[in-house]
There are 2 protein chains.
Amino acid sequence: MTKRNKIHQPPAVTVDIVIFTIENKELRVLLIKRANEPFKGEAALPGGFLARGETTQRAALRILKDKAGVGDVYVEQLYTFDNPGRDPRGQVLTVTYFALIPREQIKFEKGEKAQSPEFYSVKKLPNLAFDHGKIVEYAIGRLRAKIEYTNAAYSLLSEEFVFAELQRVYEAVLGRKLDKRNFRKKFMSLGLIKSTGKKLRGARQRPAELYRFISRKPIELIKFF
Amino acid sequence: MTKRNKIHQPPAVTVDIVIFTIENKELRVLLIKRANEPFKGEAALPGGFLARGETTQRAALRILKDKAGVGDVYVEQLYTFDNPGRDPRGQVLTVTYFALIPREQIKFEKGEKAQSPEFYSVKKLPNLAFDHGKIVEYAIGRLRAKIEYTNAAYSLLSEEFVFAELQRVYEAVLGRKLDKRNFRKKFMSLGLIKSTGKKLRGARQRPAELYRFISRKPIELIKFF
DNA sequence: CCAAAAGTGTTGACTGTACACCCATGT
DNA sequence: ACATGGGTGTACAGTCAACACTTTTGG
């Protein structure tokens, strides 16, 4: 560190979160309507200023709780944006995170109704405030990469799930159909999930086996060169 | 963004850079001796506070220029660290970058002599100030991943190079020997480099062909699922 | 018995890996 | 002529992609 302390006036710091879920076989992002200027009324990522002494990670969890009412989910830092002009109010540095949530776990808080939080399909996003469009795009790229070499999918599913649901998660994230047999074979060989022995009955079809992730903590698969 | 403006007191923002090079077949990191408290005299990453109105990317380039005297190199944002307690002076948020530089391009500035900048092999790093040890570790992981699906290696080599040098870059970064024939075959098939037609003469052995990267701008290779 | 989704194997193409010898030069 | 690193091909194993039919249930 140099002697720049004198002329150091730190930028404002905010945290924005890209909250993903799968709904109706589509990858969706949580957006709110901005209650205040700038960009009042436009769609934006949930976020907020850092509270005094708060870490960005804590702020991300707080916002997640406030806007979506969820706790124990996959959260990961994405990137830090501070291009000049990204916020008309001046220099703002935003640390972005992304989170993965199973749709049925989300309960919007009453207090947030005014901002009408809503999940938008990534295939038809509205115009977003600030540079949030770029942020979402970046997040999608990261998610696509992550889901191929981690167990992150657990965070988009409920604890017990059926193989078809798992495949739908991958298809929604990657944006294309996958072959049922190849997908099952490959995924099984990764050793990330185990059968519960239970079956899902009640549909008018052959009952499907229920699986669960062996670990619901982030795991990276080893890669070889 | 919520109504947290009132209690928003932004943390100090610094930028640290992990500057990599290849020297003597080893991956090395540039470290300086801290001139001031805290951690005075200990080895640390070059870095500094953000100047007023400066973006973190600009700050990274400025520090790169100041400490290593280089301009046109591969620079990429790494991660943002703000764990409590990482800096004894209080809440400090650090945006980290990593840079790749060919060793022969570096000229240390006289003004920086006091801090005795020096390249340390990643295999025998001293204890580092702050959480810089963790940062370097993280950077190595990122570099290893990047070099496998981008053309980032161009930034660790001079414009024209011989196949053996390219291979040494990969071996140093990945930390293991690679098979000469397989490496050549694979790398050639990527289409990132082209022969210059020239040969490197003067050694007492068969002259080696000189190659150059077709593009010296970052390129990502397409991956398939 | 019909509709619906579940479950299951084989083949061919491709990719990665292991491995050893001759070549062109400088001294 | 010899020491040095440069340059090259083949065979085997593992992985990926394409592809269609039978099973089990609820209605």
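Order of the sequence lines fixes the chain letters, A, B, ..., with proteins taken first and strands second; residue numbering starts at 1 for each chain. Side-chain atoms are counted along with the backbone in the values below, which use heavy atoms only and exclude waters and symmetry mates.
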TODO: Look at the side chain of B:Lys180 against the base of D:dG7 and say whether a donor-acceptor pair falls under 3.5 Å; ignore hydrogens and angles.
DONE: yes
Task: Whole-Å distance separating the CD atom of A:Glu165 from the P atom of C:dA5 - done: 13 Å
TODO: For A:Asn182 and for A:Gly202, locate the closest nucleotide of DNA chain D by heavy-atom distance; then report the residue assigned to the nucleotide nearer the 5' terminus.
DONE: A:Asn182
Open item on the list: Angle between ring planes, B:Phe213 versus B:Phe161, binned at 30° and 60°: parallel, tilted or perpendicular?
Closed with: tilted
Task: Length of the CZ-P vector between A:Arg181 and D:dA20, whole Å - done: 8 Å
Task: A:Ala208 vs B:Asp179, nearer the 5' end of DNA chain C by closest nucleotide - done: A:Ala208
Open item on the list: Taking A:Arg34 first and then A:Glu42, would you say they form a salt bridge - that is, a charged N and a carboxylate O separated by under 4.0 Å?
Closed with: no
Open item on the list: Rounded to whole Å, please give me the gap between CD in A:Gln205 and P in C:dG7.
Closed with: 10 Å
Open item on the list: What is the separation between atom CD on B:Glu148 and atom C1' on C:dG16, rounded to the nearest whole Å?
Closed with: 13 Å
Open item on the list: Please determine whether any donor N or O and acceptor N or O are separated by less than 3.5 Å between the side chain of B:Arg204 and the base of C:dT25.
Closed with: no
Task: OP1 or OP2 of C:dT25 under 4.0 Å from side-chain N/O of B:Arg201 - done: yes
Task: Crowding at CD, B:Glu137 (>12 non-hydrogen neighbours, <6.0 Å) - done: no
TODO: In whole angstrom, give the distance that lies between atom CG of B:Leu178 and atom C1' of C:dG16.
DONE: 12 Å
Task: Phosphate contact (D:dG7 OP1 or OP2) by B:Arg184 side-chain N/O below 4.0 Å - done: yes
Open item on the list: Between the base of C:dG16 and the side chain of B:Lys185, is one N or O donor paired with an acceptor at under 3.5 angstrom?
Closed with: no
Task: Interatomic distance, A:Phe183 CZ vs C:dT8 C1' [rounded to whole Å] - done: 16 Å
TODO: Just compare D:dT25, D:dT8, C:dG7 and give me whichever is closest to any side-chain atom of A:Phe163.
DONE: C:dG7
- [ ] Return the orientation label for the A:Phe98 and A:Phe20 ring planes: parallel under 30°, perpendicular over 60°, tilted otherwise.
- [x] perpendicular
- [ ] Using the six-membered ring wherever Trp is involved, compare the ring planes of A:Tyr138 and A:Tyr79 and label them parallel, tilted or perpendicular (cut-offs 30° and 60°).
- [x] tilted
Task: Atom-pair distance (CG on A:Leu200; P on D:dG26), nearest Å - done: 11 Å
Open item on the list: Without decimals, in angstroms, what is the distance between B:Phe161 CZ and D:dG6 C1'?
Closed with: 16 Å
